[in-house]
Amino acid sequence: MSTRLLSHTTARARITLLANAKKHHNHRLVPALSCSRFLSTHATPDSSETEPYDVVIVGGGIAGSALACALASGKATGTQKIALIEAFDLSNHINWKPRADQYSNRVSSLTPKSVAFLKRIGVWSELDSSRIAACNGMQVWDGVSGARITFDAAHSNDRSTFLQQVFADAPQSPSSEQGSDQQSPLAWMTENLHVQYGLQKQMLAHKNRGVQLDIFEKTKVQGISANVSSSSPQESSSTDISEWPVITLDNGKKLQTRLLVGADGVNSPVRSFAKIESLGWDYSQFGLVATLEVDHSTSTALDQGKGVAWQRFLPTGPIAMLPLNNGYASLVWSTTPKIAQDLKKLPAQDFCALVNAAFHASPADLEYLCRNIGPDGQPQVDFQKEIEWRASVQELESHAVARQSKDAKPPKVTAVQENTRAPFPLRMRNSNSYVEDRVVLVGDAAHTVHPLAGQGLNQGLADVECLARVIEQSLLSGSDIGNIHSLTPYSSERFLPNLAMLGTVDKLSKLYNTDFGPVVWARSLGLTAVDNMGPIKTEIMRFAMGLEDVPSSAARR
């Protein structure tokens, strides 16, 4: 059909008719109810009116903002009317001007696949390269047995003959299109605030070029309903929108949408509205994050440990130190709720001493030190002397058996940035479904994973990339983007990989949260065996980096 019969009448009664008629324009595209250009020439409708949108995204975190950018940058999705709702003030993201000697405590590890996606939607170019650290290696070891596995980005392109034959006809992921001769880091480390800054910059750029992207910040969702009255001013005989979700905001506005996206976190109101059950459990662990200053000259690793991530599995949970630039590192320490709270209160000097000990001392010594943190957060023994004495005993014991360890050691922690220590509960969740009619979930609203593998944000970005592609294809085929049949390809592509990642990380967490002898022996044997199997280790690296997606590729054939 055509919309050539549109007239330029100024009567308010014709606005809705024009908006509904526009959905038949541009051949097979369906930019339904894109009426903001007409409303913008008139007074803002009063709060009792319901404003139509093609896509409403609840949640302005990284996943929600990335989806808004991805949709705005698409050829077909860029013609849609999009709303992003966020309860908090987003101005602190766009006005973010950090000092070179300060880093926020929430740092993410972005895989090459995630970086490739951020480049495609124009976000990566908005970031400050001086605040992005390449992680070219990773040292992971068992705190009980000392068994270790080492990952090196230089080996990520080494493919065995057997594996080349197995995966020879598998489609390449977008991030692998750059060529196998180019070395990519295992991951890029940067602050979450930094990514959100880039997303906000890109969203403003899309708005400035005319994309219909409305951002409702400092605005809470007061309620979501499934139906509206048949007297709604946006209804017409040609389009039945009576079953579209209606979002009521705390400022009195009502938005009605063809597709409602839940990017609103683990306690998602959108998921509750869709009556989608989320299954999982809380771990008896808290994670503690902090920003550390390190002395690279104390590391025995190549290049003094710069660009290396360190992770040690302890019976109470893993401790990880991720590289940042300018002599800084990010700490993620998973431990018991009590120890996490004690670590937050511990004086800075003693905290640094305990972090250093956590990468070297025996679990028994660490347990002793943690037991001697008083209720007020003050150490009840001299931590520095205790740690030095126990380290000297360890060194004498290693010499006594003529086996001085040659394993690479992490850099020494010299300071912790003020007000960066923060504990948070750890949990695992996965929704029974990611889609319902006119509702779809992404990121933490769909799934939540233990942070030991650093894959939570990467999973969310993979969700967003897939969903944006599915919506684009639905529009190009003339389908209703909110219909559950149009959303099924997203669920089919993302549910099983997410479930596999959640299950693997959960099993690793449980496997290493014990010092039971037979379990320690078995896991140490497996870790050492994998470390010595170059081709297998390479495939593990490539999968973690997002360079392999064999199960999904096979499923799409």
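Starting from 1, each residue takes its place in the sequence as its number.
- More than 12 heavy-atom neighbours from other residues, nucleotides or ligands sit within 6.0 angstrom of NZ on Lys207.
- Residues Ser65 and Gln196 are not in side-chain contact: their nearest non-hydrogen atoms beyond the backbone lie 4.5 Å or more apart.
- Interatomic distance, His447 NE2 to Leu279 CG, rounded to the nearest 0.5 Å: 14.5 Å.
- Side-chain atoms of Gln202 come within 3.5 Å of backbone atoms of Gly122 as a donor-acceptor pair (strictly under, hydrogens ignored).
- Atom NZ of Lys510 has more than 12 neighbouring heavy atoms from other residues, nucleotides or ligands inside a 6.0 Å radius.
- If you take CD1 on Ile62 and CG on Leu67, they are separated by 13.5 Å, rounding to the nearest 0.5 Å.
- Counting only distance, with no hydrogens or angles, the side chain of Gln311 and the backbone of Leu452 share a donor-acceptor pair below 3.5 Å.
- Of the possible donor and acceptor atoms, none in the side chain of Arg429 sits under 3.5 Å from a partner among the backbone N and O of Asn267.
- Judged purely by atom type and a 3.5 angstrom limit, Glu472 uses its side chain to pair as donor or acceptor with the backbone of Ala76.
- Looking at Tyr103, Trp96, Trp124 one by one, the single match for ring pair (Phe, Tyr, Trp, His ring centres under 6.0 Å) with His194 turns out to be Trp96.
- Across Pro112 and Trp188, no two heavy atoms sit closer than the pair CA-CZ3, 3.6 Å.
- A salt bridge links Asp480 with Arg438: the closest approach of a Lys/Arg side-chain nitrogen to an acidic carboxylate oxygen falls below 4.0 angstrom.
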For this session: Give the intermediate values and the outcome of side chain to side chain contact (heavy atoms under 4.5 Å, CB included) for residues Gln285 and Asn513.
Result: CA-CA 10 Å; Gln285 288 182 327; Asn513 283 3; 2.9 Å; yes

For this session: Evaluate side chain to side chain contact (heavy atoms under 4.5 Å, CB included) for Gln455 paired with Val505, printing each intermediate quantity in order.
Result: CA-CA 9 Å; Gln455 290 300 311; Val505 171; 5.8 Å; no

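- In this structure, Arg131 is not positioned above the aromatic face of Tyr197 in the sense of NZ or CZ being under 6.0 Å from the six-membered ring centre and within 45° of the axis.
- Taking CG from Leu186 and CG from Leu110, the interatomic distance works out to 13.0 Å, rounded to the nearest 0.5 Å.
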For this session: In sequence, state the C-alpha distance, the side-chain angles, and the governing distance for Ser431 and Arg271, and then conclude on side chain to side chain contact (heavy atoms under 4.5 Å, CB included).
Result: CA-CA 9 Å; Ser431 300; Arg271 188 181 64 233; 3.4 Å; yes

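- Summarising the geometry, atom NZ belonging to Lys253 is positioned 14.0 Å from atom CD belonging to Gln222; distances are rounded to the nearest 0.5 Å.
- Within the 4.5 Å cutoff, the side chain of Lys113 has no heavy atoms near those of the Leu461 side chain.
- The backbone N or O of Asp264 lies less than 3.5 Å from no partner atom in the side chain of Ser268, so there is not a single donor-acceptor pair.
- In this structure, the separation between CD1 on Ile94 and CG on Asp89 is 12.0 Å, given to the nearest 0.5 Å.
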Exercise. Would Leu260 and Phe273 satisfy side chain to side chain contact (heavy atoms under 4.5 Å, CB included), going step by step from the backbone distance to the final call?
Worked result: CA-CA 10 Å; Leu260 175 61; Phe273 160 74; 4.1 Å; yes

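- Using a distance-only test at 3.5 Å, with no hydrogens or angles considered, no donor-acceptor pair links the side chain of Thr190 to the main chain of Ile132.
- Asp54 places a side-chain N or O within 3.5 Å of a backbone atom of Lys81 that can act as its donor or acceptor partner.
- The main-chain N or O of Gly443 is found under 3.5 Å from a side-chain atom of Asp463 such that the two form a donor-acceptor pair.
- Side-chain contact check for Leu487 versus Tyr434: every heavy-atom pair is 4.5 Å or farther apart.
- Atom CD1 in Ile224 sits 9.0 Å away from atom OG1 in Thr248 (nearest 0.5 Å).
- Side chain of Ser486 to main chain of Ile481: no donor-acceptor pair is present (N/O by atom type, distance under 3.5 Å, no hydrogens or angles).
- Residues Ile121 and Ala70 come closest through the heavy atom pair CG2-CA, 3.8 Å.
- Applying the side-chain contact (heavy atoms from CB on, under 4.5 Å) test between Val270 and each of Leu441, Val442, Val261 identifies Leu441 as the sole match.
- No more than 12 heavy atoms of other residues, nucleotides or ligands shown are found within 6.0 angstrom of CZ on Phe88.
- Looking only at distances, no side-chain donor or acceptor of Ser334 sits under 3.5 Å from a matching main-chain atom of Gly287.
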